[in-house]
Every structure is written in C-alpha cells, then in structure tokens.
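Below is one structure; the comments refer to it alone.
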Amino acid sequence: MNWKMGSRCLSMITKTSVKLSSLNGTGVLERECCFGDSILFGLRRHFGIDTDGDLSRDFLAKLWVTDRKIREKRRTKRKAVKSKNSFNDSELLGRWFSGSAVREEKPYYHQGKPILHQPPVSESVSGCLESASKEEVQVASFLARSNLLITRDIEWANLVLGFEQENRYAVVDVCYPQSPVGFIREQSNVIARQLLRLRRPFVANITDAMGNELFRVSRPFWWINSSIYAEVNGKEIGVVHRRWHLWRRVYDLYLGNKQFAVVENPGFWNWTFTLKDINGEVLAQIDRDWRGFGFEIFTDAGQYVIRFGSTDPSSKTGPATMIQELEVTHPLTLSERAVAVALAISLDNDYFSRHGGWGIPFVAVGE
C-alpha cells in the first residue's frame, strides 16, 4: 500500500522531456524532479553522435589513460603497505621467544642469486664459549650453537654412473631452520676420487652463509686408520684419529697434543656416536638420522645432528630456550667443537658413504 502510494507521488513530481535534433541525429533526455512549481533537481543525458560536444574521442582516451594511472598508483600503494605489515618467520620466532623485536632483513640479490644472511647465534658467547684466541673469534658465529644439523647433498653422477663427486653439505641451526648457518664443500683430485674412493685425500672448506671461509679440515690418504685435521687460517687446532677395532668404531679427539674426548661406538647398526671425557662423562653427541628407505639405499645423502648440549639454561638465546638440550658435564669450547665437526665429516666418509660402481652403488656398513 505504501509502496504504491510512493510510486504515484514520485510520478506526479517527476517530469520527463526529450529533445531531438534533426541536424546531426543527437538528442537530450531531460528529467526534472519538482514539488509544486519549484524544481528540486534535474538530470540531463546526451545520446547520439555529437561531433561538436566536449566528450570527443581524444577526451575519452585521455580520461582512460588518467584512470589507468590512478589505478596503478593505488595498486602499488597497497602492495607497499602489505609488505610493510608482513613479518617473516625468523622475525616472528624472535619476538615470541626472546621477547624483543628482531630486525627484518630484506633479501638482496646479486646476479640473480639471493645472498643469504647469517642467522643469530643460539648460545651466548660467554663462559666456556668465550673466545680465547683470534681463531675462536673467527668460528664463533658458526659454532656458538647448541645443535647443528648437517645434511649431505645427493650425488647424481655417483648414483647413476658410479662417478665419485666432491661431497657437499649444508649446515643448519635447529633453532633457525629457515636459512643455513654455513656450508661444507670438499676439494679433491678427480682422478684420486675415482681410484682411491673412500681413502682419497681431500680438503673440506667450512664457510658461513655468505661464503666466507671460517676453517677447514684436511684428511690425508690412509690405509688402515684414518685421521682428519681441523685448521683455522692454516693453523692446526685439533685432530681426530681413528683406532682400529674388529667391529667397534673408536675415535680419539685431540686439541693440540692433549686428548679431550673419545668415541666408542658398538658398531653394526648403532648410529649414535657419543663424545666422552676421561671419566666417561658425556660431552657431546653425533647422531645419524634415518631419512627414509629410498634415501638410505640409493643415495649418499646422509643427515647428522651434532648435539653440543648445555649446562647453563641462561646461556641459550632466542628459540633455543624452548628446545630440550643434551645433558653434558661441561660444554665444549669453540675449538673443541670445530674438532667435533671434523669428526662428523670423517664418520660420513668412513662408514656412511657408498662406493660408486657402474650405476649400482652399495652401502659400506663395515670394514
């Protein structure tokens, strides 16, 4: 009822007129809304082709270009605001666990390749981890961490053709898995790799995420017992000697001329290597992880976790405070941790690398 009355009133106060021009075929549609004799407002619309009007083809083209520019500016502004308000994973983890804001690092690119940034250390560089020499200062950003995950790359030429390649590893801090803390790359002679296989001499460079060399390990040719040396700027800081045993895997770790740890693994399928001091107390642990049936049978891509542990919970920073650590008697120094990394590389080459052979490799599980 009310709707019908409203429509009648609206038709009474609205007047429509159409004016046509016979000269150029244009017209004007006029509609006026009035109340009584007074006009409230009016609408006017032109139709047809008017060559003399203001709405020419050039004017419409300029209007379209201007509207497109305005839309592009708005779209760019929205993207800038969205990127400004977004947080990366490392920043979010830092705010959750450390209680302080972490500076957002934007990715930089050089020749189309991303340049990585070194993640912050997960342990406070104080106490036993305080640098006692310039060599330890150099390796602090890499080794001042409670847990290191070392993953070996797949060697496709060795897998398919039996061609022995240089070993490459990526090192990740468990607390900051978004980006690696460093890389390990072997350097050896191609002929020696094919002829000597696992007994070949090589040098492995350990670098940080930006590619700066921190220290290196060198392993000479061996026949019965292998040895691997850790060096910083050409200065030897430690060595790992393997002791012969019929089935056990025994290693002695030295810092200079002083032995600080020993590893006695029962052998066979035990993949946990525990570093102990002279009293049998646990200092650190190296575990080789099972990566799946396909990885273990057909590839060399092993994965190792070095657990340095911690005796002081206050020494851990950032997300490391939420991870349950290995209980140790006292934490290893930075130089001792460098020797432990050399031990992990030696273990991978002694027991967990396969011999390439005409595309059908097999696992070396013993002597």
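Everything numeric here is computed off the predicted structure, so don't read it as measured data. Below, all heavy atoms of this structure are taken into account, side chains as well, without hydrogens, waters or symmetry copies.
Side-chain contact of S226 with D350: a donor-acceptor pair under 3.5 Å is present, judged by distance alone. Of the N and O atoms on the side chains of T151 and Q303, at least one donor lies less than 3.5 Å from an acceptor on the other residue. A donor-acceptor contact under 3.5 angstrom links the side chains of D252 and Q259, judged on distance only. Between the side chains of E135 and N233, not a single donor N or O lies within less than 3.5 Å of an accepting N or O. For the residue pair Y304 / D348, a side-chain donor-acceptor distance below 3.5 Å is found, with atom types taken as modelled.
No salt bridge links R145 with E123; every basic N to acidic carboxylate O contact stays at or beyond 4.0 Å. Taking the charged nitrogens against the carboxylate oxygens, E281 and K276 have no contact shorter than 4.0 Å, which rules out a salt bridge. Between R200 and E186, at least one side-chain N (NZ, or NE/NH1/NH2) sits under 4.0 Å from a carboxylate O, which counts as a salt bridge.
Two rings, from F352 and W271, have their centers less than 6.0 Å apart. Taking the six-membered ring wherever Trp is involved, the centroid distance between the rings of Y251 and H241 does not fall below 6.0 Å.
P201 approaches L196 most closely through the heavy-atom pair CD-CD1, 3.8 Å. Annotation for F183 and A209: closest pair CE1-O, 4.0 Å, computed over non-hydrogen atoms. Contact detail for R288 and G302: the closest heavy-atom pair is NH2-CA, 3.3 Å. Of all the heavy atoms in V217 and A342, the pair that sits closest is CG1-CB, 3.6 Å. Of all non-hydrogen atoms in V125 and A144, the two that sit nearest each other are CG2-CB, 3.9 Å.
Under the 6.0 Å distance and 45° angle rule, R249 counts as a cation-pi partner of Y351. Stacking of R219 on the aromatic ring of Y229 is not recorded, the 6.0 Å distance cut-off and the 45° axial limit not both being met.
With contacts defined as side-chain heavy-atom distances shorter than 4.5 Å, the pair I228/W222 does not qualify. Side-chain contact between L343 and V341 is absent, with no heavy atoms from C-beta onward closer than 4.5 Å. In this structure, the side chains of T333 and L129 stay at 4.5 Å or more apart for every pair of heavy atoms. Side-chain contact between P331 and R337 is present, with heavy atoms from C-beta onward closer than 4.5 Å. Looking at L283 and V328, their side chains never come closer than 4.5 Å, going by heavy atoms from C-beta outward. I206 has its side chain out of reach of E213: every pair of non-hydrogen atoms, C-beta onward, lies at least 4.5 Å apart. Side-chain contact check for D289 versus L149: some heavy-atom pair is nearer than 4.5 Å. Using a 4.5 Å heavy-atom threshold, the side chains of D287 and Q285 count as touching.
Within the model, atoms CZ of F215 and CD1 of I237 stand 7.0 Å from one another, a figure rounded to the nearest 0.5 Å. Here the CZ-CZ distance, from R68 to R71, works out to 10.5 Å after rounding to the nearest 0.5 Å. Considering CG of L148 and OG of S122, their distance stands at 7.5 Å, rounded to 0.5 Å. Here E164 contributes atom CD and I191 contributes atom CD1; the two are 14.5 Å apart, rounded to the nearest 0.5 Å. Atom NE2 of residue H330 and atom CG of residue L332 lie 7.0 Å apart, to the nearest 0.5 angstrom. The line from CZ of R152 to CG of N349 is 6.5 Å long, rounded to the nearest 0.5 Å.
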Show your reasoning for whether side chain to side chain contact (heavy atoms under 4.5 Å, CB included) applies to I286 and L347.
CA-CA 10 Å; I286 301 176; L347 288 172; 4.3 Å; yes

Given V305 and R307, is the side chain to side chain contact (heavy atoms under 4.5 Å, CB included) satisfied, shown in steps?
CA-CA 6 Å; V305 180; R307 310 177 193 276; 3.9 Å; yes

Does the side chain to side chain contact (heavy atoms under 4.5 Å, CB included) test come out yes or no for L326 and V282, once each step is laid out?
CA-CA 9 Å; L326 175 71; V282 177; 4.1 Å; yes

Dump the intermediate steps for side chain to side chain contact (heavy atoms under 4.5 Å, CB included) on L214 and F142, then the final yes or no.
CA-CA 8 Å; L214 303 177; F142 182 84; 3.3 Å; yes

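Cluster annotation: V239 is not connected to V203 through the hydrophobic network of ILVMFWY side chains, with a link wherever side-chain heavy atoms come within less than 4.5 Å. Hydrophobic cluster membership differs between V137 and V339, with clusters built from Ile, Leu, Val, Met, Phe, Trp and Tyr side chains linked at under 4.5 angstrom. Following chains of ILVMFWY side-chain contacts shorter than 4.5 Å, one can reach L246 starting from F268, so the two form part of one hydrophobic cluster.
E336 contributes no side-chain N or O that, together with a main-chain N or O of F260, makes up a donor-acceptor pair within less than 3.5 Å. T76 places a side-chain N or O within donor-acceptor distance of the main-chain N or O of E72, the cut-off being under 3.5 Å. Between the Q194 side chain and the V190 main chain, a donor and an acceptor come within less than 3.5 Å of each other. A donor-acceptor pair under 3.5 Å is formed between the side chain of N225 and the backbone N or O of W244.
Of the candidates N167, I150, V240, I184, I184 is the only one forming a side-chain contact (heavy atoms from CB on, under 4.5 Å) with I345.
Counting heavy-atom neighbours within 6.0 Å of W156 CH2, excluding the residue itself, gives a total of 12 or less.
Ring orientation note: the planes of H245 and W247 are nearly perpendicular, at an angle over 60° on the 30°/60° scale.
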